[in-house]
Amino acid sequence: MRPFGGAKKRIGLVPTMGALHDGHMALVRNSKAQNDLTVVTIFVNPTQFNTTEDLNNYPKSLDDDLALLGSAGVDIVFVPEVEEMYPHSAKVSIHFSGLDEILEGKYRPGHFSGVALIVAKLFHLVLPDTAYFGQKDLQQVSVIKQLVADLHFDVEIITVPSVREKDGLALSSRNRRLSASERAEAVILYQILAFAKTELLDGASWFDIKVKATSIISQNNLVRIEYLELVNCQDFTLASEVDSEIPQAICVAAYVGEIRLIDNVLLT
Ligand code: PAF
């Protein structure tokens, strides 16, 4: 059954946690170009935060978000309360055997179970034909594609390239919590990715690149790296060398001051 009745309309879903920026708007633009109706959801999903502090500090700007979405011509904005999405604490917990235990999964235990739960709920409620996610959260995209495949959701997942500031910093809702000095230093994440990619494609060994890159970052007092890894984009297994047969990416996570940021670049 389709929620809008009448002739079947193509529905594009853009799930967000609000604090919208142009990265989100790129998802919206893609959805509007490819669908009859675009539904944006704004919900700061408590089950995907592994600390209460991170959940409480997540930036919120609902009035600005609604104005942005209105001027972009979004058809429906769904802003549920926690009690609506979680009328009781969920007993179901979704795991991804390995995929959710490395990189983001390792540093944010339970994060992907929470993401999968809310995305599954949103898919059931909105019944989209297509759903849009940003490449910045590359591992999340992989997890969601697995969710769709394993649970037979009839949804096409589109990954939209990251949008960057002029200096290369990937747009993120968390950027607005950076102080001026942290913002200035945060660009090192992109610089390290660009450096690592160039070196890798020039034939340097991944081991040497990691050592060099980690040592460059460790000279910066404001930045603390959590991981820098070369991964196979399909299953997020770690790689130790370039394999031109499979899509690969370099992924980084680091704290800039108290703010945890992630970024990635595709190798090809
Ligand atoms: O990428 C996000 O903003 C969130 O993880 C998502 C997909 C909206 C689920 O809460």
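The basis for the numbers below is simple: all heavy atoms, side chains too, and nothing from hydrogens, waters or symmetry mates.
- Checked for salt-bridge contact, R177 and E258 miss the test: no charged N lies under 4.0 Å from a carboxylate O.
- Atoms CG and CZ, on D154 and F123 in that order, are 11.0 Å from each other to the nearest 0.5 Å.
- Using a 3.5 Å distance cut-off with no hydrogens or angles, the side chains of E185 and N220 do pair a donor with an acceptor.
- Between the side chain of D243 and the backbone N or O of E245, at least one donor-acceptor pair lies under 3.5 Å.
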Evaluation steps, salt bridge (charged side-chain N to carboxylate O under 4.0 Å, His left out), between K197 and D202: CA-CA 8 Å; K197 178 173 173 174; D202 279 355; over 6 Å; no
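- The shortest heavy-atom contact between F112 and G105 is CE1-N, 3.6 Å.
- In this structure, Q34 contributes its side chain and R10 its backbone to no donor-acceptor pair below 3.5 Å.
- Using a 4.5 Å heavy-atom cutoff, the side chains of S181 and L222 are in contact.
- The main-chain N or O of E104 is found under 3.5 Å from a side-chain atom of Q139 such that the two form a donor-acceptor pair.
- With a 4.5 Å cut-off between side-chain heavy atoms of Ile, Leu, Val, Met, Phe, Trp and Tyr, the cluster of L69 takes in V14, L20, M25, L27, V28, V40, I42, L62, L66, L68, V74, V77, V79, Y132, I158, V160.
- Using a 4.5 Å heavy-atom threshold, the side chains of L228 and L193 count as touching.
- At least one side-chain heavy atom of M85 sits less than 4.5 Å from a side-chain heavy atom of L122.
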Would Q48 and N45 satisfy side chain to side chain donor-acceptor pair (under 3.5 Å), going step by step from the backbone distance to the final call? CA-CA 6 Å; Q48 70 185 75; N45 173 36; 2.9 Å; yes
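- Here the side chains of P15 and F43 are not in contact, with every heavy-atom distance at 4.5 Å or above.
- Inter-residue side-chain proximity for Y86 and L117 is flagged as met; some heavy-atom pair is nearer than 4.5 Å.
- In this structure, C251 SG and E229 CD are separated by 8.5 Å, a value rounded to the nearest 0.5 Å.
- Summarising the geometry of G12 relative to S31, their closest heavy-atom pair is CA-OG, 3.4 Å, with the distance given to 0.1 Å.
- Counting heavy atoms of neighbouring residues, nucleotides and ligands inside a 6.0 Å radius, atom CD of Q219 exceeds 12 of them.
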Before giving the answer on side chain to side chain donor-acceptor pair (under 3.5 Å), spell out for D65 and S61 the whole-Å C-alpha distance, their side-chain angles and the decisive distance to 0.1 Å. CA-CA 6 Å; D65 294 351; S61 54; 3.0 Å; yes
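- In this structure, V119 is a member of the same hydrophobic cluster as V126, with clusters built from ILVMFWY side-chain heavy atoms closer than 4.5 Å.
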Would you please test T16 and T41 for side chain to side chain contact (heavy atoms under 4.5 Å, CB included) and show each step? CA-CA 6 Å; T16 82; T41 62; 5.6 Å; no
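- The aromatic ring centres of Y107 and Y227 sit less than 6.0 Å apart.
- Looking at every heavy atom in both residues, H21 comes nearest to G23 through ND1-N, 2.9 Å.
- The pair R29-D22 counts as a salt bridge, with a side-chain nitrogen and a carboxylate oxygen less than 4.0 angstrom apart.
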Side chain to side chain contact (heavy atoms under 4.5 Å, CB included) between V115 and I144, worked out: CA-CA 8 Å; V115 169; I144 289 166; 4.2 Å; yes
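- Considering only residues two or more places apart in sequence or on other chains, A186 meets the side-chain contact (heavy atoms from CB on, under 4.5 Å) condition with L169, L178, V256, L261.
- Salt bridge status for K145 with D235: absent, with no side-chain N to carboxylate O gap under 4.0 Å.
- Remark: the backbone N or O of A170 is paired with a side-chain donor or acceptor of N175 at under 3.5 angstrom.
- Side chain of K60 to main chain of G18: no donor-acceptor pair is present (N/O by atom type, distance under 3.5 Å, no hydrogens or angles).
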Would L103 and F236 count as a side chain to side chain contact (heavy atoms under 4.5 Å, CB included) if you check the C-alpha gap in whole Å, the side-chain angles of each, and the deciding distance to 0.1 Å? CA-CA 9 Å; L103 305 183; F236 259 80; 3.6 Å; yes
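- In summary, E226 and R260 engage in a salt bridge, as defined by a charged side-chain N under 4.0 Å from a carboxylate O.
- Looking only at distances, a side-chain donor or acceptor of S173 sits under 3.5 Å from a matching main-chain atom of A19.
- The nearest pair of heavy atoms linking L266 to A249 is CD2-CB, 3.9 Å.
- Listed for the E182 side chain is a donor-acceptor partner under 3.5 Å among the backbone atoms of S179.
- Proximity of E165 to R183: side-chain heavy atoms (C-beta onward) are separated by under 4.5 Å at one or more points.
- For V163 against A26, the heavy-atom pair with the smallest separation is CG2-CB, 3.9 Å.
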With salt bridge (charged side-chain N to carboxylate O under 4.0 Å, His left out) as the criterion, how do D75 and K9 come out once you've worked through the C-alpha distance, each side chain's angles and the decisive distance to 0.1 Å? CA-CA 12 Å; D75 301 283; K9 300 214 185 274; over 6 Å; no
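- At distances below 3.5 Å, not a single donor-acceptor pair connects side-chain atoms of K136 with backbone N or O atoms of N264.
- Atoms NZ and CG, from K32 and L37 in turn, are 9.0 Å apart once rounded to the nearest 0.5 Å.
- In the hydrophobic clustering of this structure, W206 does not group with L138; members are Ile, Leu, Val, Met, Phe, Trp, Tyr whose side-chain heavy atoms approach within less than 4.5 Å, directly or through other members.
- The pair D263-R164 meets the salt-bridge criterion, with a side-chain N (NZ, NE, NH1 or NH2) lying under 4.0 Å from an Asp/Glu carboxylate O.
- In this structure, F195 CZ and I250 CD1 are separated by 10.0 Å, a value rounded to the nearest 0.5 Å.
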Go through it in stages, so that I can follow the logic: the residues are N56 and F49, the test is side chain to side chain contact (heavy atoms under 4.5 Å, CB included), and I'd like the CA-CA distance, side-chain angles, deciding distance and then a yes or no. CA-CA 10 Å; N56 292 340; F49 287 82; over 6 Å; no
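- You'll find the side chain of L13 stays beyond 4.5 Å of the side chain of T130, heavy atoms only.
- At a threshold of 4.5 Å between side-chain heavy atoms, the hydrophobic network of Ile, Leu, Val, Met, Phe, Trp and Tyr places V242 and V231 in two separate groups.
- The distance between the ring centers of F153 and H124 falls below 6.0 angstrom.
- Atom CG of residue D137 and atom OG of residue S142 lie 12.0 Å apart, to the nearest 0.5 angstrom.
- The existence of a salt bridge linking D129 and K8 is confirmed by a sub-4.0 Å separation between a basic side-chain nitrogen and an acidic carboxylate oxygen.
- Residues A254 and L189 approach most closely at CB-CD1, 4.0 Å, considering heavy atoms.
- Taking the side chain as every heavy atom from C-beta outward, L230 and Q248 approach each other to under 4.5 Å.
- Put simply, I118 and V44 are part of two different groups of oily side chains (I, L, V, M, F, W, Y) that touch within less than 4.5 Å, one to the next.
- Hydrophobic clustering (side-chain heavy atoms under 4.5 Å, transitive across Ile, Leu, Val, Met, Phe, Trp, Tyr) groups V143 together with L151.
- Rounded to the nearest 0.5 Å, atoms CD1 (I225) and OG (S215) are 10.5 Å apart.
- Remark: side-chain polar atoms of R108 are not paired, donor with acceptor, to backbone N or O of T51 under 3.5 angstrom.
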Evaluate the criterion side chain to side chain donor-acceptor pair (under 3.5 Å) for residue pair H95 and S93; output intermediate values, then yes/no. CA-CA 7 Å; H95 298 277; S93 176; 2.9 Å; yes
